[in-house]
Each structure stands twice: as C-alpha cells, then as structure tokens.
Amino acid sequence: MGIVIRFPIERTEMQRLVQNLKVQEEEIKMCLDDLEALNEHIVELTAEYEILLNRVCELNQIKLEGETND
C-alpha cells in the first residue's frame, strides 16, 4: 500500500470561510451605500416637504408652532 497523505482540512475550510467573509463584507458595503443614498434622498424630500408645507401655511395664514412674527 501507498502512503496516505492527509490534506489539511482546516486550511481548506479556513479558505472557504475567509472567502465567505469577503462576500458578506462586500454585500454589507453595498447595503450601506444603498442606505446612504436613501438617507440623502429622504433629506431632500424632507426639505421639499417643508417648503411646500410653509407655502400652504402662508396661503392659509397659519402659523406653525415655534414660528415667530416677522
């Protein structure tokens, strides 16, 4: 019989785990980029909403809480 060579299973598993970690890391980065873009969009929409709300209040002569007399 020949000599049985044992391959380091741990090393192969370690390489697979490291590769899976890299894939997960990239997915997390993509999600964070999407989240940042959504947050920027929400900020823009909120600013536009406030402008529209202020105009509606102005047309109806409504004072919002916290507004001072100008």
Side-chain angles (χ1 to χ4, degrees):
M1 280 198 110
I3 299 174
V4 176
I5 299 174
R6 299 188 68 160
F7 289 96
I9 295 173
E10 296 82 18
R11 179 69 177 153
T12 304
E13 182 179 4
M14 181 65 75
Q15 290 171 338
R16 187 172 36 79
L17 290 171
V18 168
Q19 181 60 34
N20 287 340
L21 283 170
K22 289 178 182 178
V23 169
Q24 293 297 322
E25 182 180 9
E26 285 302 313
E27 187 72 24
I28 289 169
K29 285 179 183 178
M30 288 184 344
C31 289
L32 287 172
D33 289 343
D34 290 346
L35 188 58
E36 183 178 356
L38 283 170
N39 189 49
E40 289 172 5
H41 189 61
I42 288 170
V43 168
E44 292 168 1
L45 289 173
T46 301
E48 290 177 22
Y49 180 89
E50 288 177 1
I51 290 168
L52 293 170
L53 179 61
N54 285 332
R55 182 63 181 143
V56 167
C57 290
E58 181 182 302
L59 290 173
N60 289 299
Q61 298 178 344
I62 300 170
K63 292 272 186 203
L64 295 175
E65 280 188 35
E67 279 190 5
T68 58
N69 292 334
D70 293 342

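What you see is a predicted model; the values in this text were computed from it and never measured. For the numbers below, each heavy atom of this structure counts, side chains included, while hydrogens, waters and symmetry mates do not.
Of the inter-residue distances, the one linking K29 atom NZ with D34 atom CG reads 14.5 Å to the nearest 0.5 angstrom.
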Next on the checklist: With side chain to side chain contact (heavy atoms under 4.5 Å, CB included) as the criterion, how do L45 and H41 come out once you've worked through the C-alpha distance, each side chain's angles and the decisive distance to 0.1 Å?
Outcome noted: CA-CA 6 Å; L45 289 173; H41 189 61; 3.5 Å; yes
Side-chain donor-acceptor pairs under 3.5 Å in residues 46-62, sequence neighbours left out?
{"residue": "T46", "atom": "OG1", "partner": "I42", "partner atom": "O", "Å": "2.8"}
{"residue": "N54", "atom": "ND2", "partner": "E50", "partner atom": "O", "Å": "3.2"}
{"residue": "R55", "atom": "NH1", "partner": "E58", "partner atom": "OE2", "Å": "2.4"}
{"residue": "N60", "atom": "ND2", "partner": "V56", "partner atom": "O", "Å": "3.0"}

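E26 has no carboxylate O lying under 4.0 Å from a charged side-chain N of K22, or vice versa, which leaves the two without a salt bridge.
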